[in-house]
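Notes follow once the structure below has been shown.
None of these values were measured; they are calculated from a predicted model.
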Amino acid sequence: MLYALHRPLLAALYEPSVVASDGAVALLLAGSWVRIVAWLPLFALYALRRTRAIAIGELLSLPLFALLVASAGRDLTLELAGGFWLAAYVAYSVFNFWAARR
């Protein structure tokens with residue numbers, strides 16, 4: 001639903017000149033969905049009291065995203081940031097599922 005309404009929502013929240021491409025919005029929303037999926041095994045890690053795995057996994061979320069964004073430097077675009085967002089949370093999700101199963 002947010003994807004379908006992203007243009008009028010951006011126009012309502014910001015000024016009309018703020019525009020995001022469909023691809024960038026899709027990558028950002030996909031990354032956010034993967035982030036939510038990653039919380040399922042994270043809850044298992046909390047239940048198992050796997051604090052070391054939780055701490056390591058947390059480095060694969062926002063810190064990894066920040067590192068990727070910083071590494072892009074002047075070449076950063078909204079589409080690339082969306083790709084980094086998705087990649088960071090795929091790594092986070094994969095790690096959390098792996099750590100919860102071992």
Side-chain angles (χ1 to χ4, degrees):
M1 179 117 175
L2 287 175
Y3 180 78
L5 297 173
H6 77 272
R7 290 186 193 280
L9 285 174
L10 284 175
L13 293 172
Y14 304 102
E15 60 184 46
S17 66
V18 176
V19 178
S21 71
D22 291 343
V25 172
L27 288 168
L28 289 166
L29 290 174
S32 296
W33 182 80
V34 171
R35 182 181 187 186
I36 294 167
V37 169
W39 294 339
L40 298 173
L42 179 63
F43 294 142
L45 290 172
Y46 275 110
L48 295 168
R49 297 185 179 156
R50 305 279 304 281
T51 54
R52 185 171 302 217
I54 293 167
I56 293 168
E58 288 304 310
L59 293 174
L60 296 172
S61 60
L62 283 178
L64 176 58
F65 172 69
L67 179 67
L68 291 170
V69 166
S71 71
R74 293 178 154 266
D75 297 328
L76 186 65
T77 62
L78 191 54
E79 288 77 13
L80 189 56
F84 288 159
W85 183 256
L86 178 58
Y89 282 107
V90 166
Y92 180 57
S93 182
V94 167
F95 177 83
N96 284 350
F97 275 101
W98 173 80
R101 292 185 50 95
R102 60 171 272 245

If you compare all heavy atoms of [X] against all heavy atoms of [Y], which two are closest, and at what distance to 0.1 Å?
X     : Y      : result
Arg50 : Arg102 : NH1-O, 3.5 Å
Val69 : Phe84  : N-CD1, 3.8 Å
Ser93 : Val34  : CB-CG1, 3.9 Å
Ala24 : Leu78  : CB-CG, 3.8 Å
Ile56 : Phe95  : CG2-CZ, 3.7 Å
Ser61 : Ala88  : O-CB, 3.8 Å

Would you give the length of the straight line joining atom [atom1] of [X] to atom [atom2] of [Y], rounded to the nearest 0.5 angstrom?
X     : Y     : atom1 : atom2 : answer
Glu58 : Leu60 : CD    : CG    : 9.0 Å
Phe43 : Ile54 : CZ    : CD1   : 10.5 Å
Leu10 : Leu5  : CG    : CG    : 11.0 Å

Same cluster for [X] and [Y] if Ile/Leu/Val/Met/Phe/Trp/Tyr side chains link at under 4.5 Å?
X     : Y     : result
Val19 : Leu28 : no
Tyr92 : Leu29 : no
Phe65 : Val25 : no
Leu86 : Leu64 : yes
Trp98 : Val90 : yes

**Asked** Where the side chain of Ser71 meets the backbone of Leu68, is there a donor-acceptor pair that is under 3.5 Å apart?
**Response**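 Yes: the side chain of Ser71 pairs with the backbone of Leu68.
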**Request:** Report yes or no: does Asn96 contribute a side-chain atom to a donor-acceptor pair with the main-chain N or O of Ala38 at less than 3.5 Å?
**Result:**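 At least one qualifying donor-acceptor pair exists.
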**Request:** Output every pair passing side chain to side chain donor-acceptor pair (under 3.5 Å) with a member in residues 75-86, not counting sequence neighbours, ordered by first then second residue.
**Result:**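 Those involving residues 75-86 are Ser21-Glu79, Ser32-Trp85.
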**Prompt:** Is there a side-chain contact between Tyr89 and Val37, using heavy atoms and a 4.5 Å cut-off?
**Reply:**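 Contact flag for Tyr89/Val37 side chains = no.
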**Item:** Residue Trp33 excluded, over 12 heavy atoms near CH2 under 6.0 Å
**Value:**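 No - once you tally the heavy atoms of other residues, nucleotides and ligands closer than 6.0 Å, there are 12 at most.
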